[in-house]
Amino acid sequence: QVQLAESGGGSVQAGGSLRLSCVASGDTDITLCMGWFRQAPGKEREGVAVMDTSPGSTYYADSVKGRFTVSLDNAKNTLYLQMTALTPEDTAMYYCAGIKGMCGGSWWRNEHDYRYWGQGTQVTVSS
C-alpha cells in the first residue's frame, strides 16, 4: 500500500505561481506512475501531469503544457507540481494519485486506473 499526502495549495492572483507537494509513504520501493489530477466545481476530475518514479515518461495535459512542471525528489519520496502563469481556469481541488507500474500514454488521463489517492489540496486563482 502507498499513502499520499498533498500540501501547498492556496489562493493566488492570476499570473502567480504555486508549488504543490505530495509525500508518498508505505510501499514506495517500487516503480510508480504518480501525478496530479484536478477537479473544479461541477466538472469531472481531469489529469494534469504524471510521471514515472523510475526514469521514464512524463505526460501533461495540453491546458498546462509550458506552465506546469511535474518533478520528483526520490530521496524525499516527494512529488511536486510547479504551477506558473496561473489563471482562474486553474482553480480546482488538486489530487495526487499513483499506481504501481509505468505510466502509459494511452491511459494516464483515466482516473479509474489509479489506486492511490491523496485527500486533495485546494488551489484558487482570482482574476
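These numbers were taken from a predicted model, which means no experiment stands behind them. Numbers here simply count residues along the sequence, with the first being 1. Note: hydrogens, waters and symmetry copies are ignored here, and every other heavy atom, side chains too, is used.
Between the D52 side chain and the S57 main chain, a donor and an acceptor come within less than 3.5 Å of each other. No donor-acceptor pair closer than 3.5 Å links the side chain of T28 to the backbone N or O of S25. Although no hydrogens or angles enter the test, the distance criterion places no donor-acceptor pair under 3.5 Å between the side chain of Y59 and the main chain of R109. Proximity of a side-chain donor or acceptor of D73 to a complementary backbone N or O of A75 within less than 3.5 Å is detected. Under the 3.5 Å distance criterion, the side-chain polar atoms of T121 are matched with a main-chain donor or acceptor of G9. Within the 3.5 Å criterion, the main-chain N or O of L32 finds a donor-acceptor partner in the side chain of T53.
Ring geometry, W117 versus Y95: the interplanar angle exceeds 60°, so the pair is classed perpendicular (tilted spans 30 to 60°).
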V50 vs V70, side chain to side chain contact (heavy atoms under 4.5 Å, CB included): CA-CA, chis, key distance, verdict: CA-CA 7 Å; V50 301; V70 63; over 6 Å; no
W36 and E6: CA distance, side-chain angles, deciding distance, side chain to side chain contact (heavy atoms under 4.5 Å, CB included) verdict: CA-CA 10 Å; W36 297 92; E6 308 96 333; 3.8 Å; yes
Test side chain to side chain contact (heavy atoms under 4.5 Å, CB included) applied to Q39 and Y94, step by step: CA-CA 7 Å; Q39 187 168 22; Y94 283 71; over 6 Å; no
L4 vs M34, side chain to side chain contact (heavy atoms under 4.5 Å, CB included): CA-CA, chis, key distance, verdict: CA-CA 10 Å; L4 304 174; M34 286 185 65; 3.8 Å; yes
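In the hydrophobic clustering of this structure, W108 does not group with V2; members are Ile, Leu, Val, Met, Phe, Trp, Tyr whose side-chain heavy atoms approach within less than 4.5 Å, directly or through other members. Linking ILVMFWY side-chain heavy atoms closer than 4.5 Å, directly or via other members, places L79 and V23 in two distinct hydrophobic clusters.
The CD atom of E89 lies 10.0 Å from the OG atom of S63; values are rounded to the nearest 0.5 Å. Rounding to the nearest 0.5 Å places CZ of R19 at 11.0 Å from CE of M83.
Nearest approach of P88 to A14, heavy atoms of both residues: CD-CB, 4.2 Å.
A salt bridge links E46 with R38: the distance from a Lys NZ or Arg NE/NH1/NH2 to an Asp or Glu carboxylate oxygen falls below 4.0 Å.
F37 does not carry R45 over the face of its six-membered ring by the limits of under 6.0 Å from the centre and within 45° of the normal.
Residues T58 and Y60 have side chains in contact (heavy-atom distance under 4.5 Å, counting atoms from C-beta outward).
If you run side-chain contact (heavy atoms from CB on, under 4.5 Å) between F68 and each of L20, L18, D90, T84, only D90 comes through.
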